[in-house]
J.: 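Sharing a structure here in structure tokens format.
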2 protein chains.
Amino acid sequence: MTRTPNAAELAAWRAFLAAHARVTETLEKELEEAAGLPLGWYDVLVQLDESEAGRLRMHDLARAVLLSRAGLTRLVDRMCAAGLVAREACESDRRGRFVALTAAGREALHRAAPAHLAGVYEHFSAHLSPAQAESLRAVLERVLAAQPLRH
Amino acid sequence: MTRTPNAAELAAWRAFLAAHARVTETLEKELEEAAGLPLGWYDVLVQLDESEAGRLRMHDLARAVLLSRAGLTRLVDRMCAAGLVAREACESDRRGRFVALTAAGREALHRAAPAHLAGVYEHFSAHLSPAQAESLRAVLERVLAAQPLRH
DNA sequence: ATACTATAGTTGCACTGGCAACTATCGGAG
DNA sequence: CTCCGATAGTTGCCAGTGCAACTATAGTAT
């Protein structure tokens with residue numbers, strides 16, 4: 001028989017949900033206002049910028065940005081149209097496509113990043129002591145690692 | 001000049017985003033499968049069940065479930081159609097409407113709750129020591145309290 | 001080589017959610 | 001009492017997302 005959360009655990013869970021909703025909402029609006037960039041676009045730019053060659057396969061990118069592959073296809077469509085990324089053929093596997101950062105994409109990221117990171121600090125990190133940040137990371141990575149794999 | 005997150009703080013933030021996405025995704029699917037109930041519906045049922053009279057004004061309910069009032073109108077439409085809640089007139093303020101739990105709604109909640117709470121335990125609480133749960137709650141409530149008020 | 005199964009990515013469709021505009025009502029100022 | 005700004009809720013419209021179905025290609029067994 002599995003346990004259910006006790007009062008303290010349930011309160012933590014609810015705070016987790018509420019904090020996530022509010023903080024992402026705030027950051028989304030700030031980023032939109034400061035750089036005209038939705039949070040999902042920023043996330044894609046970051047993932048590409050951090051990758052080896054500045055490009056990733058759709059499948060890997062979808063995993064990284066927590067979006068279904070269908071959703072990512074549309075997101076990349078929009079970002080291609082905006083000139084921030086470009087699709088490239090994959091020679092070694094002709095089913096695949098790369099999504100690559102363009103110069104404009106890299107520039108948009110570098111323009112948006114300082115304000116966004118300042119927002120992450122102000123609305124999130126500022127409320128954590130160094131020990132709490134480390135504890136939070138450890139706990140949440142444990143939670144994450146325990147999730148059932150998708151597909 | 002505002003700070004930006006250091007490496008540990010950024011890792012905590014990313015773990016926060018990823019853990020939220022994965023855990024809610026898992027719980028959503030489990031609840032849907034076990035009770036045919038989207039997470040948003042469950043949340044509405046819980047809020048109403050915990051309220052004084054088993055009913056709330058749209059405005060208050062919208063705040064509680066982290067949804068815009070427009071979004072809530074549609075959600076309540078669907079739940080009314082399903083018979084889980086009913087709209088009631090508000091005598092003291094004729095602009096307002098109450099949303100009230102029906103018998104079917106209360107029953108759906110009580111049928112869904114055990115499995116859902118077990119899921120919250122399994123996918124979230126189980127990975128927290130009592131001290132960590134308490135620390136997490138405190139930190140996240142502090143983060144939450146610091147958010148700019150909406151409207 | 002052939003066939004069979006698995007995987008990468010895209011598309012049709014339906015659903016959900018937000019914004020802005022709208023109606024109805026409230027509450028205070030003159 | 002009347003007007004006027006504020007508030008509650010709904011609706012039109014549109015953007016974003018997932019699921020399932022589809023096409024194309026890869027990998028594997030015979």
Side-chain angles (χ1 to χ4, degrees), chain A residues 17 20-22 24-33 36-44 55-82 84-100 149-151, chain B residues 20-22 24-33 36-44 55-82 85-100 149-151:
Chain A
L17 291 181
H20 175 272
R22 292 300 198 85
T24 54
E25 180 188 22
T26 300
L27 290 174
E28 170 93 51
K29 281 179 181 162
E30 287 184 357
L31 184 60
E32 185 72 54
E33 194 171 331
L37 219 54
L39 211 45
W41 291 35
Y42 181 85
D43 202 6
V44 166
R55 63 182 202 175
L56 287 172
R57 294 279 297 265
M58 292 292 288
H59 184 83
D60 299 318
L61 187 52
R63 244 188 316 107
V65 301
L66 306 164
L67 211 57
S68 71
R69 283 179 308 157
L72 182 63
T73 292
R74 268 64 172 262
L75 178 54
V76 169
D77 285 346
R78 292 184 294 258
M79 293 181 70
C80 273
L84 302 182
V85 300
R87 290 189 223 255
E88 296 179 358
C90 175
E91 291 307 320
S92 63
D93 181 345
R94 272 185 290 186
R95 291 170 304 181
R97 321 270 301 265
F98 282 108
V99 183
L149 295 176
R150 309 201 295 175
H151 293 225
Chain B
H20 175 271
R22 291 301 198 82
T24 54
E25 180 188 23
T26 301
L27 290 175
E28 170 93 50
K29 280 178 182 163
E30 287 184 358
L31 183 60
E32 185 72 53
E33 194 171 331
L37 219 54
L39 211 44
W41 290 36
Y42 180 86
D43 201 6
V44 166
R55 62 182 202 174
L56 287 171
R57 295 280 295 265
M58 291 292 288
H59 184 83
D60 300 318
L61 185 54
R63 243 187 317 106
V65 301
L66 306 163
L67 212 57
S68 72
R69 282 179 307 155
L72 182 62
T73 292
R74 268 62 172 266
L75 178 55
V76 169
D77 285 347
R78 293 186 291 265
M79 293 181 71
C80 273
V85 301
R87 290 189 222 253
E88 294 179 359
C90 174
E91 291 306 321
S92 62
D93 182 347
R94 271 184 291 184
R95 292 170 304 181
R97 320 270 300 266
F98 282 108
V99 184
L149 295 177
R150 308 202 297 176
H151 295 224

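Residue numbers start from 1 in every chain, and the chains themselves are labelled A, B, ... in the order their sequence lines are given, proteins ahead of strands.
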J.: Can a side chain N or O of A/R78 be found less than 4.0 Å away from OP1 or OP2 on D/dT17?
T.: yes
J.: Do A/L66 and B/R22 touch side chain to side chain, with heavy atoms closer than 4.5 Å?
T.: yes
J.: Atom CZ of A/F98 and atom CZ of A/R57: how far apart are they, to the nearest 0.5 Å?
T.: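 Answer rounded to 0.5 Å: 6.0 Å.
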J.: How many whole angstroms separate atom CG of B/L67 from atom P of C/dC19?
T.: 11 Å
J.: To the nearest Å, give me how far apart CG (A/L39) and C1' (D/dT17) are.
T.: 16 Å
J.: Using a 4.0 Å heavy-atom cut-off across all strands, classify A/R74 as base, sugar-phosphate, or nothing.
T.: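 Base, at least one base atom sits under 4.0 Å.
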J.: What is the distance from atom CG of B/D60 to atom CZ of B/R55, rounded to the nearest 0.5 Å?
T.: 12.0 Å
J.: Out of D/dG18, C/dC19, D/dA8, which has the shortest distance to the side chain of B/A70?
T.: C/dC19
J.: Strictly below 4.0 Å: does A/R97 bring a side-chain N or O up to OP1 or OP2 of C/dT10?
T.: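 The answer is yes; a side-chain N or O of A/R97 sits under 4.0 Å from OP1 or OP2.
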J.: Between C1' on C/dT10 and CE on A/M58, what's the gap in Å once rounded to a whole number?
T.: 8 Å
J.: Could you check which residues of residues 86-95 of chain A get a heavy atom under 4.0 Å from DNA chain D? Sort them by number, please.
T.: A/D93, A/R94, A/R95
J.: Find the distance between CE (B/M79) and CG (B/D77) and round it off to the nearest 0.5 Å.
T.: 11.5 Å
J.: Rounded to whole angstroms, how far apart are CD on A/E28 and C1' on D/dT17?
T.: 14 Å
J.: Mind calculating the distance between OH (A/Y42) and P (D/dG16) to the nearest angstrom?
T.: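 My rounded result for the distance is 19 Å.
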J.: What is the distance from atom CG of B/L67 to atom CG of B/D43, rounded to the nearest 0.5 Å?
T.: 9.0 Å
J.: Measure the shortest side-chain to side-chain distance between A/R78 and A/L75 over non-hydrogen atoms and say whether it is less than 4.5 angstrom.
T.: yes
J.: Separation of B/L75 atom CG from D/dT11 atom C1', in whole Å?
T.: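 Value for this atom pair: 16 Å.
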J.: Calculate the interatomic distance between A/L72 atom CG and C/dG9 atom C1'; express it in whole Å.
T.: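 Rounded to whole Å, this separation is 10 Å.
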J.: Nearest whole angstrom, please: distance from the C1' of C/dG17 to the CG of B/L66.
T.: 14 Å
J.: Please state whether the base of C/dG18 and the side chain of B/R69 form at least one donor-acceptor pair under 3.5 Å?
T.: no
J.: Would a 4.5 Å heavy-atom cut-off, applied to side chains only, mark B/V65 and B/L72 as touching?
T.: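 In contact.
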